[in-house]
Each structure stands twice: as structure tokens, then as C-alpha cells.
Amino acid sequence: MRRSRFVHQLPVGKDRTLIVHAISHMRMPADSDISTLVDHFAEPRRIPEDCDAMTALFPNAEDTPAGLRDVVERTVMELLSRQILTEMTPEEELAAVGAELAPKHGRDPAELLERYRRELKEGAEAYWAVGAAYGLDDFNAARQRVDVLLFGDCDIQMEADFLRREAARRGIDLHVSATFPDDIRFAGERKHDAVFIGALRARHLVAEDIDGFNPHAAYVAHTTELLGKLREVTSAPILIDNLPEPTVQPLGLAERGVKGHRTRFRLTNVALAELANAFSDVYVIDIAAALAAVGSERLLDDGQVGFTHFGSPGWMLQRPESEKAAVHGIFPDTAPLAHALGGDPYGREVVIAGKHIDALVTVTGIGRKKCIILDLDGTLWPGVLAETGSPFAWTPEISGAFSFIGLYFGLHEALLCLKKRGVVLACVSKNDEATVRELWKYSDHYPQQRLLKPDDFVTWRINWDDKVGNIRSIAEELGFGLDSFLFIDDSPVERDRVRQRLPEVEVWGEDPFSLRRRLLNDPRLQIPVVTAEAAARSALVKAQIARQHLRAETVGEAQYIESLRIKCSIEHLTAASPKLARVEELFQRTTQFNTTGRKFSASELAALAANPDTRLFAMDVSDRLGDHGMVGAAVVADGEIVGLAISCRALGMGVEHTFLRHILDEMKDCPFSLSGRIIPTPRNIPARNIYRDNGFTEGESGLWEFAKSASQMSAAS
């Protein structure tokens with residue numbers, strides 16, 4: 001491995017080098033450590049044989065949990081992926097680029113070069129390039145890679161590097177590529193997992209008077225056109241910013257009624273929220289709320305430069321000196337502006353990058369929490385229940401419901417909202433269970449609809465055992481991975497013990513005043529769409545636990561299955577089916593019984609369901625103990641089962657075989673043999689024998705084929 005012959009390293013400041021690839025125009029700001037490492041590859045090196053020598057280049061670097069050698073090795077692989085390093089000789093590299101750019105079918109090689117660069121593009125347009133230098137710390141942990149596209153102008157392109165840093169803070173290896181809103185072709189050329197759209201230029205028209213007064217007409221029309229064109233080339237989730245609310249108004253207090261300047265933008269945001277409902281997998285990011293929460297005057301420039309630009313005041317601190325020619329080289333001292341911004345010209349980028357990554361985490365399901373385990377005494381109510389005799393001692397005569405008691409009522413209310421989102425609740429408490437059951441009651445004057453009751457919890461461990469062991473027990477009972485749990489406890493000792501012994505579990509509870517907001521806002525506790533199955537998940541999990549108890553009490557497995565009286569309902573879904581959202585959720589959340597690990601978006605599923613060469617199947621299951629809801633989905637495209645997922649709550653009941661046999665029966669009249677693919681993932685071991693156990697034969701590695709009988713082939717033809 002060696003440094004590419006096309007790479008140049010340009011010093012651009014103290015401890016900062018710009019690495020540029022002459023052919024692809026890839027640009028990467030790097031600190032001295034990365035630059036030193038690239039220089040080391042001026043001569044060919046071998047991985048991993050030369051890693052010790054590379055590690056010795058950084059004698060002052062702090063060791064990491066993974067070890068400095070591992071960090072260096074990961075950094076080298078990242079540099080290889082960006083073509084800064086190469087495994088080819090100089091001659092092979094030149095030939096490879098020449099082959100990429102050679103004229104094909106009469107096309108202009110310059111056009112091929114432009115396409116080549118766009119396929120490898122990373123970061124914002126050059127004019128808005130703002131970026132921290134990459135260092136070894138950027139590669140010191142294995143992270144999940146996510147690729148996103150940004151469509152927009154200065155507001156979102158300036159944010160590109162801040163998105164990368166915010167994502168890295170959350171354990172995500174984010175790769176960002178940005179272009180302008182009219183560059184639709186870019187989405188068809190560049191690999192991506194999600195698309196962000198910033199504020200469109202049509203926002204300037206919102207402030208103009210239009211006959212019939214429809215201030216949002218032009219903006220909604222431009223947005224509709226953009227979304228329609230993007231949906232022709234991408235099925236990825238689309239996250240679109242709404243418009244900031246102005247901090248100043250042209251006529252001040254005289255801005256009255258719906259024609260007022262600020263109200264126009266509010267109406268546009270309402271129309272934008274409604275428009276998103278007309279497209280699958282399109283979500284509006286509430287930029288107005290995010291800016292307002294921090295302080296819009298510090299983050300919007302409509303107090304300085306114009307009523308509808310909505311850029312950052314800090315951008316004026318970043319302009320090149322050459323632009324002062326427009327003002328005869330004369331401009332006020334910017335020190336007061338810098339002071340007002342706290343010395344940080346990038347405040348807006350940091351705030352909005354956080355909001356954007358929140359949305360990305362929600363739509364991709366990265367790090368999603370499935371269960372919240374709650375302590376009781378001191379967390380859900382004040383004091384020790386066995387000593388106080390009741391959760392609360394509130395009456396309207398003592399105080400209103402939003403006084404001190406409101407802190408606890410608000411926490412209960414937030415947890416009930418999460419239950420509606422599909423997050424299940426459990427509790428672990430060092431207590432006497434009989435005492436808790438007896439005393440956990442509310443008088444009639446309490447706001448019952450805002451308060452948790454024992455029945456809201458799918459399971460609990462109320463005993464005097466160690467909480468770590470109880471949490472492990474709940475994880476085993478629910479079948480969830482430890483990384484899908486959030487534990488909340490007021491005791492610093494218990495929090496520390498769980499963090500030490502169960503590091504995969506998220507632990508909260510230090511600040512009771514932030515709990516409600518964190519619970520409602522954390523993207524890992526949100527889902528893009530609340531489906532019927534999500535809203536009923538607590539009931540589904542409770543029924544699953546009841547089945548486990550029945551299984552433990554039944555003599556044999558066959559007898560247990562028979563006693564459930566299982567019913568399967570399987571249907572072929574169309575593009576208009578309301579169940580597509582649940583199918584998307586099923587593929588997104590299912591990791592154990594997922595034959596390929598593929599995650600289909602709602603828009604992708606709608607397109608597949610509309611394709612006559614594709615069939616989309618869904619299975620609902622119920623038994624005498626309750627309804628499982630939709631637990632199975634399959635996508636069959638061109639005779640291949642490209643995705644088959646069964647919810648873990650339905651495993652062990654044999655329904656996966658019923659589902660596959662139904663698909664085989666439905667496809668028996670097709671003129672070709674059906675096949676199914678297995679792509680191993682770290683967690684899909686339960687799915688790997690489904691085709692073998694149902695009469696399929698493995699041909700090429702991972703591809704299983706079902707041979708029709710002679711009579712079936714004859715009938716199909």
C-alpha cells in the first residue's frame with residue numbers, strides 16, 4: 001500500500017493540511033498526525049506487518065480502549081477508501097483511472113470525469129467548505145457507516161462537517177455529500193441512506209403579496225416538484241427542513257392578521273407539514289423550533305441583512321477579505337458581533353446539525369431503545385412507598401397539578417407517550433412486591449389519564465435482589481439485546497453498578513428535571529410512523545410473556561403449540577395498502593429472523609408493490625392468548641425472495657414455515673422456479689435454515705432454489 005500518485009498535501013495553517021486528490025477532487029482537511037501517516041506511505045508499506053512502525057510515529061498519542069495500533073490500522077483503511085492510499089502501483093493506478101475515463105459509446109471523456117468525481121464526492125461545495133481537520137480520534141472506534149446527501153444552499157451546505165462531527169459523537173461514521181436543489185441527477189449517481197433538504201430559495205417568495213393571498217403556494221409548489229423528482233431516482237428517507245420563524249418584522253406591531261410577515265412563514269410550515277403526508281418516507285424537521293429553543297436572534301441574520309435570507313449572523317465573521325471590495329473596503333469593526341455570538345461563528349451549524357442527526361437516527365433506527373426499565377421509590381414518586389403509604393399526598397387544596405407534584409406527573413405522562421410509540425416499560429425495585437401492589441393506587445381526584453399504573457408495565461422485578469441480575473432476567477424474558485434498554489434510577493450507587501456491570505445498557509437519572517424532555521426528545525426513543533402494532537406493543541409483549549409461562553408449564557413442545565390454537569392470515573399487499581408502514585418497521589427492526597438483513601423503506605416498498613414482477617406478502621398471527629399483529633413480511637422480485645423477516649415474538653411457533661409454504665403456493669403458477677437468498681449477519685442465525693427445511697437446494701453460495709415438480713412446470717407453462 002502506498003500514497004496515491006494523484007494526492008497532494010497542501011499546508012493551510014498551523015497543524016492543518018488539505019489533502020487533495022487531483023482526479024476525483026476529493027478534499028480532506030487533516031491534522032499533523034494524519035499528514036504524517038500519509039507521508040509515511042511515500043514508500044510502499046504492508047498491513048498489518050508495518051503497523052508497529054506506524055504506531056511508533058505517534059509517541060505522544062494517548063492510548064485508546066481499542067489500542068493505538070488498531071486506531072492506526074483503521075485510519076489507514078479509511079485513507080484507502082478515500083483513495084488517498086492505494087494498493088496499486090503507479091502504473092496500475094494510472095491505467096485504472098484511464099479505464100474509468102476512456103470514452104465509451106461516443107460520450108465526452110470530460111463528462112465521464114465529472115461523473116467520476118460526483119460518484120466520489122464528499123462534503124459541501126467548495127465555496128461553503130467549512131471543516132475541522134481529521135485526526136486519529138476520528139477513527140478510534142468502529143462505527144456504523146451512514147451515507148447522506150444534502151440538497152440546498154448555504155444554510156445546509158455550511159453544516160456538512162458539523163453533521164460529521166455530531167454523528168461521530170454518537171458513534172456513527174457519517175459520509176456527507178452536498179449539491180444544489182436542482183441537481184436531481186446527483187441522487188441517482190451517489191450511494192446514500194438518506195437525503196436532507198435545506199430551505200429552498202422559494203422562501204423569498206413567501207414574503208411577497210400574491211393575488212388571493214396564498215403565501216405558501218410558490219414554496220409548496222417548488223417543494224412538491226423537488227420531492228416528486230427525487231422520488232423518481234431514490235427510495236431513501238427524505239428529511240426536509242421547515243422555515244425558521246423571523247426574529248424581526250417589516251412593520252413591527254402593525255403586522256396584524258394572517259398577512260403578517262411572521263405568520264406567513266408559520267402558515268408555510270403548516271402547509272409543508274401537510275405536504276409531507278402526501279409522500280412516503282418524507283419527514284419535516286422542525287428547524288423553527290430548534291432555533292427558538294436556543295435563541296433565534298443569535299442564530300438568524302434577518303436582524304442584519306434581509307427579511308428572508310435566514311442565514312447565520314456568524315457567517316459575516318467568515319467572509320473572505322476580497323468581498324469587501326463591494327463596500328469600498330470599508331466595514332464596521334465586527335468585534336461587537338463576535339461578542340454577541342459568544343465568539344462562536346458556527347452556533348447555528350452546531351444546533352441544526354444536532355437536529356438533523358436526531359432525525360437521521362430516528363429514521364434509520366440506529367441505537368433504538370425498545371424498553372425502559374424504571375426504578376420506583378424516588379424515581380416515579382418521592383420517598384419510599386412503604387414509608388409514605390401512597391405514591392403522592394396531593395389534593396387540589398394543597399396545590400395545582402403543575403406545582404411540585406407536576407414534576408412527577410410530567411414524568412409519568414412522558415412515559416405513557418413513549419408507550420404509545422411502542423416502547424415497552426418494565427420496573428426493577430428493591431421493595432416488597434405485596435406492599436407495592438397494595439399501595440400503588442390513586443384517589444379519584446388524581447389525573448388518572450396522566451399517571452402510570454401497574455398494568456402499564458409488561459414485567460417487573462420487585463424484590464431485594466441485585467438490580468443488575470434483575471435487569472439481565474428481564475432482558476432474557478423479553479428476548480431483547482441489552483443495548484436496547486434504558487435504565488432510570490435516582491440512586492447514584494445503582495446507576496454506577498449498572499454502568500460498570502452492564503455497559504451496553506443506557507443509564508439515566510442524575511437530573512430529574514431533564515428526564516421528561518430527554519424521554520420525549522431522544523431520537524432513539526422515537527419512530528418515524530406510529531403503527532397499530534407499535535401502539536399495541538405492550539399488549540403484544542405481555543401476551544408473549546404469558547405464552548412463555550404456558551410453555552414452561554406444558555409437558556411437550558407439540559402440546560404447547562397445539563394448545564395455542566394458532567391462526568395465520570397471509571395477504572398479498574398492494575402499493576396502496578396501509579400496512580406498508582408496518583412492513584417497513586418489521587424489516588427495520590428485525591435482526592434475528594431476517595434472511596438478508598435488508599431494510600426496505602416505505603417508498604421502496606410502495607414501488608415494489610406496484611411492480612407487476614414483484615410480490616409483497618404480509619402475515620398476521622393470533623392465538624387464544626392474544627393477537628401478535630403483523631409478524632411476517634416477504635418481498636419476492638423476479639422469482640427471488642430478496643427479503644423475508646419474521647418478528648422474534650413469533651419464533652418457535654412454526655409460523656415461518658406456514659408463511660413460506662403459502663408463498664410457494666402463491667407462486668406455483670409462475671413460469672420460473674422460486675429462489676431465496678441467505679446473507680449471513682451477526683444476528684440472523686435463526687433464519688439460515690428456513691429454505692433448507694422447506695425443500696430448497698443450495699446452488700451458488702447463499703442462493704437456495706426450489707425445484708418445481710414436472711406437473712407444476714407443465715401447468716405453469
Side-chain angles (χ1 to χ4, degrees), residues 12-13 16 18 26-31 34 78 82 121-135 137-141 143-180 192-199 239-242 244 285-296 298-301 309-319 338 341-364 366-367 521 523:
V12 290
R16 189 173 168 91
L18 184 64
M26 184 284 310
R27 303 184 311 275
M28 177 179 167
D31 67 10
I34 298 293
E78 283 291 334
R82 287 171 165 83
K121 178 178 170 60
E122 189 169 332
E125 295 295 327
Y127 182 75
W128 291 308
V130 178
Y134 281 81
D137 286 345
D138 288 288
F139 310 109
N140 70 358
R143 302 186 178 111
Q144 179 175 343
R145 174 167 175 159
V146 177
D147 292 82
V148 299
L149 306 183
L150 307 186
F151 280 81
D153 296 323
C154 51
D155 61 325
I156 198 166
Q157 293 219 22
M158 289 283 287
E159 191 189 326
D161 199 61
F162 295 88
L163 282 170
R164 172 178 70 84
R165 282 183 267 173
E166 177 64 19
R169 189 180 67 81
R170 306 194 201 187
I172 301 169
D173 178 20
L174 190 72
H175 290 242
V176 180
S177 300
T179 188
F180 300 106
H192 59 280
D193 300 297
V195 176
F196 287 98
I197 301 176
L239 305 157
I240 184 168
D241 292 349
N242 71 5
I285 300 177
D286 198 340
I287 297 299
L291 295 172
V294 177
S296 296
R298 291 180 56 246
L299 305 177
L300 291 178
D301 64 1
H309 182 244
F310 299 138
S312 166
W315 294 351
M316 200 167 287
L317 302 175
Q318 310 165 43
R319 314 306 303 189
L341 299 179
D344 180 11
Y346 300 114
R348 176 197 171 103
E349 285 78 11
V350 172
V351 170
I352 304 306
K355 192 71 174 178
H356 281 147
I357 297 301
D358 280 350
L360 183 67
V361 167
T362 296
V363 299
T364 58
I366 294 173
N521 290 348

Q: Of all the heavy-atom pairs spanning Ala194 and Leu360, show the shortest one and how long it is.
A: CB-CD1, 3.6 Å
Q.
Rounded to the nearest 0.5 Å, what separates atom NE2 in His309 from atom SG in Cys154?
A. 4.0 Å
Q. For residues 341-364, which residue pairs qualify under salt bridge (charged side-chain N to carboxylate O under 4.0 Å, His left out), counting only residues two or more places apart or in two chains?
A. Arg170-Asp358
Q: Check whether any side-chain N or O of Gln144 sits under 3.5 Å from a backbone N or O of Ile366 as a donor-acceptor pair, and report yes or no.
A: no
Q. Backbone N or O of Thr179 within a donor-acceptor pair of the Gln157 side chain at under 3.5 Å?
A. yes
Q: Determine the interplanar angle of the Tyr346 and Phe162 rings, folded into 0 to 90°, and report it as parallel if under 30°, tilted if 30 to 60°, perpendicular if over 60°.
A: tilted
Q: Rounded to the nearest 0.5 Å, what's the gap from CD1 on Ile172 to OG1 on Thr364? Could you check?
A: 6.0 Å
Q: Measure the shortest side-chain to side-chain distance between Pro29 and Arg16 over non-hydrogen atoms and say whether it is less than 4.5 angstrom.
A: yes
Q) Would a distance-only check, ignoring hydrogens and angles, find a side-chain to backbone donor-acceptor pair under 3.5 Å from Asp193 to Val148? A) no
Q: Output every pair passing salt bridge (charged side-chain N to carboxylate O under 4.0 Å, His left out) with a member in residues 287-296, not counting sequence neighbours, ordered by first then second residue.
A: none
Q. Which atoms form the tightest heavy-atom contact between Ala359 and Leu239, and what is the distance?
A. CB-CD2, 4.0 Å
Q: With side chain to side chain contact (heavy atoms under 4.5 Å, CB included) as the test, would you mind laying out the steps for Phe310 and Leu291 before giving the verdict?
A: CA-CA 11 Å; Phe310 299 138; Leu291 295 172; over 6 Å; no
Q.
Testing Leu163, Asp155, Asp161 one by one against Glu159 for a side chain to side chain contact (heavy atoms under 4.5 Å, CB included), which residue passes?
A. Leu163
Q. Can you tell me if Thr362 uses its side chain to pair, donor with acceptor, with the backbone of Pro523 under 3.5 Å?
A. yes
Q. Is there side-chain contact between Gln318 and Met158, with heavy atoms separated by less than 4.5 Å?
A. yes
**Q.** Inter-residue atom distance Met28.CE - Arg82.CZ, 0.5 Å rounding
**A.** 5.5 Å
**Q.** Check: Ile34 main-chain N/O paired with Asp31 side-chain donor or acceptor under 3.5 Å
**A.** yes
Q: Check whether any side-chain N or O of Asn242 sits under 3.5 Å from a backbone N or O of Ile287 as a donor-acceptor pair, and report yes or no.
A: yes
Q) Going from CZ on Arg165 to CG on Leu174, what distance comes out if it is rounded to the nearest 0.5 angstrom? A) 12.5 Å
Q) What heavy-atom pair brings Pro345 and Leu317 nearest, and what distance separates the two atoms? A) CB-CD1, 4.1 Å
**Q.** Pairwise side-chain contact, Val146 with His175, heavy-atom cut-off 4.5 Å (strictly under)
**A.** no
Q. Got a second to check how far Asp241's CG is from Phe151's CZ, nearest 0.5 Å?
A. 14.0 Å
